[in-house]
Amino acid sequence: MNKRIYLDYNATTPLDPAVRDVFVKELDLYANGSSMHEDGRKVSKEIYTARTHVAALIGATPDEIVFTSGGSEANNTVFNTMDSPALTHTSLLKAAYGNRKTIITSAIEHPCVMEAAKRLESLGFTVHYLPVDEFGVVDIVLYRKLLSTEKPLLVSIMMANNEIGTIQDIKELAHLAHNAGALFHTDAVQAVGKIPVDVAELGVDYLTMSCHKIYGPKGVGALYIRKGAPIEALIRGGHQEGGIRAGTYNSPSIVGFGEAARLATGRLSSYETHTRALRNRLRDGFLAAVPNIRINGHPERVLPNTLDVSFPGAEGEAILLMLDILGMSVSTGSACASGSLEPSHVLMATGVGPELAHGSIRFSLGQYTTDEEIDYILKVVPPVIKKLRGFSTVTHKENV
């Protein structure tokens with residue numbers, strides 16, 4: 001093809017032209033959104049409009065949305081709250097949560113959740129990392145047992161995995177957590193804008209979003225906080241966001257977030273139909289053209305745009321580099337962990353061995369992916385795998 005093919009939408013998305021136009025226009029409104037004069041009020045009004053659009057995308061109310069610098073900050077804010085005065089500043093909260101020192105999360109969370117959980121462990125908390133099955137679904141039997149015996153303070157389970165695309169039953173997991181008296185958080189960064197997300201239906205206390213995953217600018221995200229749920233500021237210093245997140249508003253990015261959310265709400269159904277059809281076509285093409293491969297993730301409960309494939313006998317980084325030379329941008333897993341030489345902790349948790357984990361590629365599609373691009377990928381990738389397997393010193397099995 002005469003242009004590059006971008007298939008790394010889970011890492012980040014290009015700016016939608018309509019979002020870019022709104023973002024650039026907002027640059028001219030340079031006043032501080034916290035100022036009381038007319039210029040400041042204009043910016044404040046734009047920020048509020050953006051807040052309504054972001055809230056509408058997940059079925060929340062505007063006052064339940066707190067803008068952050070991104071998903072990682074939002075996730076850390078929730079975990080930071082678990083070791084803070086926010087849980088004990090009233091007698092009711094102290095009675096409900098004050099003596100709880102256990103966290104439940106999963107073995108396939110994003111690195112920012114894993115690291116935030118480890119921080120709480122260092123402070124004396126007990127953290128249970130729920131195992132998952134071969135498809136990446138959390139162990140519900142063990143989960144029920146831990147809820148009953150451990151009386152956790154917080155459960156944090158991601159809605160959809162960034163590498164293999166498996167979607168968890170968040171509604172059921174949150175319901176069980178609340179019955180055990182625990183708070184419930186879900187990292188929905190990869191789900192929002194791709195599948196329907198309604199916080200009222202899910203029943204969660206906290207939900208994380210990130211703008212650059214839905215064709216908006218980088219450097220801005222949001223945390224949904226259910227009314228009445230305890231929260232503690234991670235960044236202090238000002239009154240912005242009701243005192244929960246200090247700092248001068250990044251108004252162009254926030255307004256861009258609002259436009260991206262508005263667009264995502266309107267095209268959710270068409271996006272899902274478009275990407276799922278292309279994903280399934282890519283999957284079926286690989287299965288027909290490349291022998292001895294493994295499709296990772298759940299066969300049905302999976303993001304419509306995400307296809308993770310293990311190519312035994314071919315090393316993932318070598319596949320990535322060869323495809324890059326041929327004009328394709330793909331990933332070997334989470335972009336946030338791409339600097340590590342360790343095999344994907346997500347794939348290892350599903351029972352995939354080190355060889356298959358190292359030989360896996362994530363193809364994440366988006367709204368600009370075309371049939372022509374899928375045809376080109378199916379033409380180019382099989383010879384690449386065959387060539388790399390010819391170089392490999394590892395004898396791959398006929399079945400995986």
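Index from 1, following the sequence. Small disclaimer: the values here were computed from a predicted structure and weren't measured.
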With no hydrogens and no angle check, is any side-chain donor or acceptor of [X] less than 3.5 Å from a backbone partner on [Y]?
| X | Y | result |
| --- | --- | --- |
| E232 | V78 | no |
| S364 | T306 | no |
| E355 | G313 | yes |
| S72 | C112 | no |
| K213 | A11 | yes |
| T68 | G70 | yes |
| T369 | L365 | no |
| H274 | Y271 | no |
| E26 | F23 | no |
| R301 | G165 | no |

Interatomic distance, [X] atom [atom1] to [Y] atom [atom2] [nearest 0.5 angstrom]:
| X | Y | atom1 | atom2 | result |
| --- | --- | --- | --- | --- |
| F67 | S251 | CZ | OG | 11.0 Å |
| D187 | S210 | CG | OG | 9.0 Å |
| M82 | L123 | CE | CG | 13.0 Å |
| T13 | D8 | OG1 | CG | 11.0 Å |
| L326 | K379 | CG | NZ | 11.0 Å |
| I374 | T370 | CD1 | OG1 | 7.5 Å |

Should R4 and S329 be marked as a side chain to side chain donor-acceptor pair (under 3.5 Å) after you check the CA-CA gap, both sets of side-chain angles, and the distance that decides it?
CA-CA 8 Å; R4 286 193 63 85; S329 298; 3.0 Å; yes
Kindly give the heavy-atom pair with the smallest separation between [X] and [Y], and that separation in Å.
| X | Y | result |
| --- | --- | --- |
| A260 | I214 | CB-O, 3.5 Å |
| N296 | S310 | ND2-OG, 3.0 Å |
| S360 | L356 | OG-O, 2.6 Å |
| V155 | A177 | CG2-CB, 4.0 Å |
| A174 | L202 | CB-O, 3.6 Å |
| I167 | I195 | CD1-CD1, 3.9 Å |

Could you go step by step and tell me if F184 and L176 meet the side-chain contact (heavy atoms from CB on, under 4.5 Å) rule?
CA-CA 10 Å; F184 192 92; L176 293 172; over 6 Å; no
Do [X] and [Y] have side chains that approach each other closer than 4.5 Å (heavy atoms only, starting at C-beta)?
| X | Y | answer |
| --- | --- | --- |
| I295 | L287 | yes |
| K151 | R100 | yes |
| V255 | F257 | no |
| R245 | S69 | yes |
| Q190 | M159 | no |
| V330 | R362 | no |
| I65 | M209 | yes |
| L87 | L183 | yes |

Report the C-alpha distance between Q240 and T248 in whole Å, list the side-chain angles of each, state the deciding distance to 0.1 Å, and finish with yes or no for side chain to side chain donor-acceptor pair (under 3.5 Å).
CA-CA 7 Å; Q240 294 88 355; T248 301; 4.8 Å; no
Thinking salt bridges, do [X] and [Y] make one under a 4.0 Å N-O criterion?
| X | Y | result |
| --- | --- | --- |
| E172 | R144 | yes |
| E259 | R262 | yes |
| D139 | K145 | no |
| D284 | R279 | no |

Assess, by modelled atom type and distance only, whether the side chains of [X] and [Y] contain a donor and an acceptor separated by less than 3.5 Å.
| X | Y | result |
| --- | --- | --- |
| K227 | T61 | yes |
| E109 | S106 | yes |
| H298 | T166 | no |
| T208 | N75 | yes |
| H178 | D205 | yes |
| N162 | N10 | no |
| N76 | E115 | no |

Hey, any chance [X] and [Y] share a hydrophobic cluster, counting ILVMFWY side chains that come within less than 4.5 Å of each other, even indirectly?
| X | Y | answer |
| --- | --- | --- |
| L93 | I103 | yes |
| V54 | V22 | no |
| I231 | L153 | yes |
| L57 | V220 | yes |
| I58 | V66 | no |

Under 30°, 30 to 60°, or over 60°: which ring-plane class applies to Y9 and Y215, parallel, tilted or perpendicular?
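Because their plane-to-plane angle lies in the 30° to 60° range, the rings of Y9 and Y215 count as tilted.
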Parallel, tilted or perpendicular: ring planes of F286 versus F363, cut at 30 and 60 degrees
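If you compare the ring of F286 with that of F363, the planes turn out tilted.
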Intermediate values then yes/no, side-chain contact (heavy atoms from CB on, under 4.5 Å), I157 and L130:
CA-CA 9 Å; I157 306 290; L130 280 175; 4.2 Å; yes
Counting only heavy atoms not in D198 (residues, nucleotides, ligands), do more than 12 fall under 6.0 Å from its CG?
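Yes, CG of D198 has more than 12 neighbouring heavy atoms, counting only those of other groups under 6.0 Å.
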Counting heavy atoms not belonging to E372, are there more than 12 under 6.0 Å from its CD?
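It does not: E372 CD has 12 such atoms or fewer within range.
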Summary of side-chain hydrogen bond (donor to acceptor under 3.5 Å, both in side chains) pairs that have at least one residue in residues 36-55, sequence neighbours excluded:
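Every side-chain hydrogen bond (donor to acceptor under 3.5 Å, both in side chains) pair that includes a residue of residues 36-55, provided the two are not neighbours, is R51-E241.
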side-chain contact (heavy atoms from CB on, under 4.5 Å), that's the test. Do F79 and Y206 meet it? Break it down for me.
CA-CA 11 Å; F79 276 77; Y206 314 97; over 6 Å; no
Does the pair D133 and T350 meet the rule for a side chain to side chain donor-acceptor pair (under 3.5 Å), with working shown?
CA-CA 6 Å; D133 65 14; T350 66; over 6 Å; no
Should side-chain heavy atoms under 4.5 Å link Ile, Leu, Val, Met, Phe, Trp and Tyr, which residues sit in the same cluster as L92?
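Once heavy-atom contacts under 4.5 Å are chained together, L92 still belongs with nothing else.
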Residue of the set V204, T186, L207 for which side chain to side chain contact (heavy atoms under 4.5 Å, CB included) holds with V197:
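Single pass found, and it is L207.
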